[in-house]
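Reading through the structure tokens given below for one structure.
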Amino acid sequence: MNSQNFYQVQNDECEIFQYAVQHHLPVLIKGPTGCGKTRFIEYMAEQLERPLYTVSCHDDLTAADLLGRHLIGAEGTYWQDGPLTRAAREGGICYLDEIIEARKDTTVALHSLSDHRRTVHLERTGETLTAHEDFMLVVSYNPSYQNMVKGLKPSTRQRFVAMSFDYPEPSVEASIVANETGIDEATAGQLVKLATDIRRLTDIDLTAAVSTRLLIYAGKMLKSGCPARKACLYCVIEPLTDEPTTRQSLLRLVDAHF
């Protein structure tokens, strides 16, 4: 089928995902920020023609946020499924983005859905729900964000088929940027060369690498007529650093490319 979500296949990720679907296996995707993890899940949900329930995980995310809670309406109290329960009940992909940001007591709620049981117990209603045939659990995280405080417990990690993503090869990344923004391949290639050079820097302290997402932002600005220097400054450099000296160093690199 034709996809509304453009995704450039890089390796065997689509094939492995399809195998996991056939056997009702949950999937874990590891990779740096902005490398295409979420776009890949959106693409696969479209290919499989399954609804997608996306949850952006954070420190305050509770099990109730995923499973559901009782609410008060005009006719009294009623139960409302959370995104995880709804996907399990109706069939669909529940995608938990940046799962390590969630509290550990919240991720425990995933255990019975991510092994052979494929069930979830809703303590507040007393219901034990068996997942729909088309239910699939997918989680993702950025390995560079892991530390002693944040990280997936081994008992959670080993319930998933795991795939590592990274930024695409330069030619593939240039094709993605050109397709997403409408700029020509040559200009997209210049953006990618700039990103590649920044990613290789070892003498500048950056908390994250240049993502493909940021290159797409810059490409869209270029397409609308924004000068290259400004597009790179505001879409690539400023999101990476607050340090004036680092900003100036990166700007000199921009000037060398454009």
Side-chain angles (χ1 to χ4, degrees), residues 3-11 13 29-43 54 56-58 95 97-101 140-147 150 163-258:
S3 175
Q4 295 180 357
N5 290 304
F6 173 77
Y7 178 75
Q8 179 65 57
V9 178
Q10 297 184 48
N11 295 298
E13 64 270 26
I29 299 176
K30 305 175 286 182
T33 298
C35 71
K37 300 187 297 293
T38 298
R39 177 59 65 90
F40 169 67
I41 300 304
E42 292 172 345
Y43 172 78
T54 300
S56 296
C57 297
H58 51 81
Y95 172 47
D97 187 21
E98 293 299 343
I99 185 66
I100 61 173
E101 296 296 333
S140 72
Y141 72 93
N142 182 346
S144 66
Y145 290 166
Q146 284 202 110
N147 53 41
K150 290 184 177 181
M163 294 188 284
S164 292
F165 278 42
D166 205 342
Y167 299 119
E169 292 295 319
S171 60
V172 174
E173 191 167 26
S175 176
I176 292 171
V177 173
N179 185 282
E180 289 285 317
T181 64
I183 62 176
D184 59 82
E185 289 275 354
T187 304
Q190 285 180 280
L191 284 173
V192 171
K193 287 179 181 178
L194 171 64
T196 301
D197 285 349
I198 294 176
R199 291 167 187 164
R200 289 172 177 167
L201 292 176
T202 57
D203 56 344
I204 293 180
D205 185 22
L206 296 174
T207 57
V210 181
S211 68
T212 306
R213 181 189 298 126
L214 291 183
L215 299 185
I216 290 171
Y217 290 173
K220 288 181 175 180
M221 299 277 274
L222 286 170
K223 181 64 176 179
S224 63
C226 180
R229 195 174 196 266
K230 289 185 177 181
C232 292
L233 171 61
Y234 296 114
C235 296
V236 178
I237 295 175
E238 289 286 5
L240 291 180
T241 183
D242 296 324
E243 294 295 329
T245 54
T246 301
R247 186 165 56 241
Q248 288 304 314
S249 296
L250 296 179
L251 263 178
R252 287 193 289 273
L253 201 54
V254 170
D255 292 336
H257 285 79
F258 287 92

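- Contact record, Ala209 with Leu240: O-CD2, 3.7 Å, taken as the closest heavy-atom pair.
- A 6.0 Å sphere centred on CD of Glu238 holds more than 12 heavy atoms belonging to other residues, nucleotides or ligands.
- At distances below 3.5 Å, not a single donor-acceptor pair connects side-chain atoms of Lys230 with backbone N or O atoms of Cys235.
- Of all non-hydrogen atoms in Arg199 and Thr212, the two that sit nearest each other are NH2-N, 4.0 Å.
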*Ile183 and Leu191: side-chain contact (heavy atoms from CB on, under 4.5 Å), yes or no, with the steps?*
CA-CA 11 Å; Ile183 62 176; Leu191 284 173; 3.9 Å; yes
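- The side-chain hydrogen bond (donor to acceptor under 3.5 Å, both in side chains) check on Thr181 picks up nothing, with sequence neighbours excluded.
- If you check the side chains of Tyr95 and Thr38, you find a donor sitting under 3.5 Å from an acceptor.
- Residue Tyr141 comes nearest to Lys37 through the heavy atom pair O-CE, 4.1 Å, listed as atom of the first residue, atom of the second, then distance.
- Qualifying salt bridge (charged side-chain N to carboxylate O under 4.0 Å, His left out) partners for Asp255, counting only residues two or more places apart in sequence or in other chains: Arg229.
- In this structure, Ile237 CD1 and Thr246 OG1 are separated by 10.5 Å, a value rounded to the nearest 0.5 Å.
- Lys30 and Pro143 make their closest contact through CB-CG, 3.9 Å (heavy atoms, listed as atom of the first residue, atom of the second, distance).
- Put simply, OG on Ser56 and CD1 on Ile99 are 11.0 Å apart, with the number rounded to the nearest 0.5 Å.
- Across every non-hydrogen atom of Ser224 and Met221, the tightest pair is OG-O, 2.8 Å.
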*Begin with the C-alpha distance, continue with both residues' side-chain angles, and end with the deciding distance and a verdict on side-chain contact (heavy atoms from CB on, under 4.5 Å) for Ile198 and Leu253.*
CA-CA 8 Å; Ile198 294 176; Leu253 201 54; 3.6 Å; yes
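- A donor-acceptor pair under 3.5 Å links the side-chain atoms of Gln190 to the main chain of His257, judged by distance alone.
- A 4.5 Å side-chain heavy-atom check between Phe165 and Asn142 finds every atom pair outside the cut-off.
- Glu180 pairs with exactly one of Gln8, Arg213, Lys220, Arg39 by the side-chain hydrogen bond (donor to acceptor under 3.5 Å, both in side chains) rule, that one being Arg39.
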*asked:* If you apply the rule side-chain contact (heavy atoms from CB on, under 4.5 Å), what do you find for Leu201 with Leu250, and how did you get there?
replied: CA-CA 10 Å; Leu201 292 176; Leu250 296 179; 3.7 Å; yes
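- In this structure, the side chains of Asp166 and Cys35 stay at 4.5 Å or more apart for every pair of heavy atoms.
- In the model, Ser140 has a side-chain atom that pairs as donor or acceptor with a side-chain atom of Asp97 under 3.5 Å.
- Between the side chains of Tyr43 and Glu13, no donor-acceptor pair of N or O atoms lies under 3.5 Å.
- The two residues Ala228 and Leu222 come nearest to each other via the heavy atoms CA-CD2, 3.3 Å.
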*Given the rule in the side-chain contact (heavy atoms from CB on, under 4.5 Å) test, do Thr196 and Tyr167 qualify, once you have shown the distances and angles that lead to the verdict?*
CA-CA 10 Å; Thr196 301; Tyr167 299 119; over 6 Å; no
